[in-house]
Amino acid sequence: MANSMRAEHSTLGGHSVESSANTIQGADVFRLPNAIVLADANNFFASCETVFNPQLAGRPVVVLSNNDGCVVSRSAAAKQIGIVNGTPWFKIRDQAEHDGVIARSSNYELYASLSHRMMHVMSGFFSHQEVYSIDECFLHNTMTRARTEQTCNRLRNAVLRGVGIAVSVGVAPTKTLAKIANHWAKEHPASHNVTFWTDILHEYGDDVLRSIPVSEVWGVGRRITKKLMSMGITTALDLQRADPVLIQHRFSVLLERTVLELRGIPCVEDASNASSGVRRTQILCSRMFSSPVRGFETLSQALSVYAQQACHRLHRQNSLCGSVAAFCSTSPFSKEYSRIGNSVILDDPSDNPMVVSKAACDALRHRIDEHAPYIRAGVMLLDLSDAQDFNTFEGMDAQRDEHGIGNVLEIATRRFVPRRVGIGYGGLRGAGRNDADTGATWTMRRDMLSIRGTTRWDEMPIVHA
DNA sequence: TCTGGGGTCCTAGGACCC
DNA sequence: TCTGGGGTCCTAGGACCC
């Protein structure tokens, strides 16, 4: 599919020949100038923090990554005082606190819950929704220009009223252009947070793409930017005008598709597996430790906890894994950086946390340096297959865990909350209120965690009337 | 002192087969 | 003694996204 698409576009040199059929069906829908609607929450994590804590509205708020490491989301006010995403918190903490910045540990349980509500509300306004990330979705549109604008505004109001989150909307013929239109909507208050690509193109012509550095185009990362710059391609307009065949040759089909998308030719396919939820092809669970861990004994505690968490996700999508990989590493910022990884093939595909946990530990057992300070570790489940499809000869069954410990864990998790029970260290809970708080020294730091008002009875917000 | 986590897709290159 | 070329499959690594 992707290949035939590429061949077609490459040979046609940019503009496709339409078939005579003008039916609003299948791929033809996406040839319409307003076919793709991208709805994206403004400063999502920071906005979520404000939902149940309205005093934060208008104030500089930042949300930190796990372990309170880096800034990952900023409110408008925090952006205004010049805080940059990705900055390590320890480097700016003093100044930020002096400036009245309020920091929060990331509260993914809250964000996931609000994301779910937001997506549900938005799904009602268009025929097809493709959830792209926790805070944005593509909506497929077949309405007229006027109807589309009306619908986008109703969608924005519904999310704002129903969930308390502001979203911006970009409308364009392709996803890449919708990203650009969405960005424009966020940057230009006059747009009322809904921007049509065709409008800004009509008003500003080539200046729109000329004003966008190539590094800001969706799909262009740091490495590719550097290489493009050396070829004299510095703006989105330069990339749009580049030869797709040359780009494909020097880079990849991915970037070639970006060139075509910038020209208004849709090439990025639907990535979501309908609305029923996506089945992952690999599952990774990894964390940084709050302080360095030495020795296999302690490391295996962490591996065991991560393996159980990974199995929980494996079970949820009804898959089995054929192999388990584990890794650990010292700090990449230290002189003696080392990373150790190894994988183990299971005798039979399994979703049993006991089996997976043991495999993860076995993978690293005799490989680690007993004295090295490890700062992170992770467990990866690979070679996933559908549990229902699994058939072998008699006597060679999958190591399924039908009535065993995994199911007991699932049931207990559903009835109580995650991590009230578990194997080994995964079952211990310390005094703190953090999910992963096992009382061990390595569990992650979340010193500034807000309430999980939508998922925990004991943390429900209190309203004073 | 202190720098996130979880994914996807593509490509190159090796192994193997005929 | 000489030892082609093309296809397929797999894996590791690179690059990207949010």
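Model, not experiment: these values are computed from the prediction. Residue numbers start from 1 in every chain, and the chains themselves are labelled A, B, ... in the order their sequence lines are given, proteins ahead of strands.
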Using purine N1 to pyrimidine N3 plus N6-O4 or O6-N4 for Watson-Crick, or N1-O2 and O6-N3 for G-U wobble, both under 3.5 Å, which nucleotide pairs with C/dC18? B/dG5
Would you call A/E97-A/R93 a salt bridge at under 4.0 Å N-O? yes
Tell me whether A/K179 is salt-bridged to A/E136, with the criterion being a basic N under 4.0 Å from an acidic carboxylate O. yes
Of the listed nucleotides ([options]), which one gets closest to any side-chain atom of [X]?
X      : options               : result
A/R313 : B/dG7, C/dC18, C/dC16 : B/dG7
A/L254 : B/dG6, B/dC9, B/dT11  : B/dC9
A/S286 : C/dC16, B/dG6, C/dC18 : B/dG6
A/F333 : B/dT3, B/dG6, C/dC16  : B/dT3
A/E136 : B/dG5, B/dT11, C/dC18 : C/dC18
A/Y108 : B/dT3, C/dC18, B/dG4  : B/dG4
A/T281 : C/dC16, B/dG5, B/dT8  : B/dT8
A/F90  : B/dC2, C/dC18, B/dT11 : B/dC2

Side chain to side chain contact (heavy atoms under 4.5 Å, CB included) with A/W197: which of A/I36, A/V208, A/N34? A/V208
What's the [atom1]-[atom2] distance between [X] and [N], to the nearest Å?
X      : N      : atom1 : atom2 : value
A/I247 : B/dT11 : CD1   : P     : 14 Å
A/M288 : B/dG5  : CE    : C1'   : 11 Å
A/R316 : B/dG6  : CZ    : P     : 12 Å
A/F289 : B/dG5  : CZ    : C1'   : 14 Å
A/Y132 : C/dC16 : OH    : P     : 13 Å
A/E256 : C/dA15 : CD    : C1'   : 17 Å
A/K175 : B/dC9  : NZ    : P     : 12 Å
A/R223 : C/dC17 : CZ    : P     : 13 Å

Between the base of C/dC17 and the ring of A/W218 - centre-to-centre under 5.5 Å, planes within under 30° - is that a stack? no
Any side-chain N or O of A/R257 below 4.0 angstrom from OP1/OP2 of B/dC9? no
C/dG14, OP1 or OP2 - any side-chain N/O from A/K227 closer than 4.0 Å? no
Pick base, sugar-phosphate or nothing for [X], based on heavy-atom distances below 4.0 Å to the nucleic acid.
X      : result
A/K179 : sugar-phosphate
A/R93  : nothing
A/I134 : nothing

Nearest-nucleotide check on DNA chain B, A/H249 vs A/R376; residue mapping nearer the 5' end is A/R376
Using heavy-atom distances to pick each residue's nearest nucleotide on DNA chain B, tell me which of A/K91 and A/Q282 is more 5'. A/K91
I need the residues from residues 64-89 of chain A with at least one non-hydrogen atom less than 4.0 Å from DNA chain B; give them sorted by number, or say none. A/S65, A/N66, A/C70, A/P88
Are any non-hydrogen side-chain atoms of A/N66 and A/Y108 less than 4.5 angstrom apart? yes
Within this structure, what is the NE2-CD distance for the pair A/H312 and A/Q317, rounded to the nearest 0.5 Å? 11.5 Å
Start with the C-alpha gap between A/R294 and A/D369, add the side-chain angles, then the distance that decides, and say whether salt bridge (Lys or Arg N to Asp or Glu O under 4.0 Å) holds. CA-CA 8 Å; A/R294 286 183 168 79; A/D369 175 349; over 6 Å; no
Between A/W218 and A/Y132, how do the two ring planes meet: parallel, tilted or perpendicular, split at 30° and 60°? perpendicular
Pair A/N42-A/S168, side-chain donor/acceptor within less than 3.5 Å: yes
Side-chain donor-acceptor pair present, A/Q95, A/D99, cut-off under 3.5 Å: yes
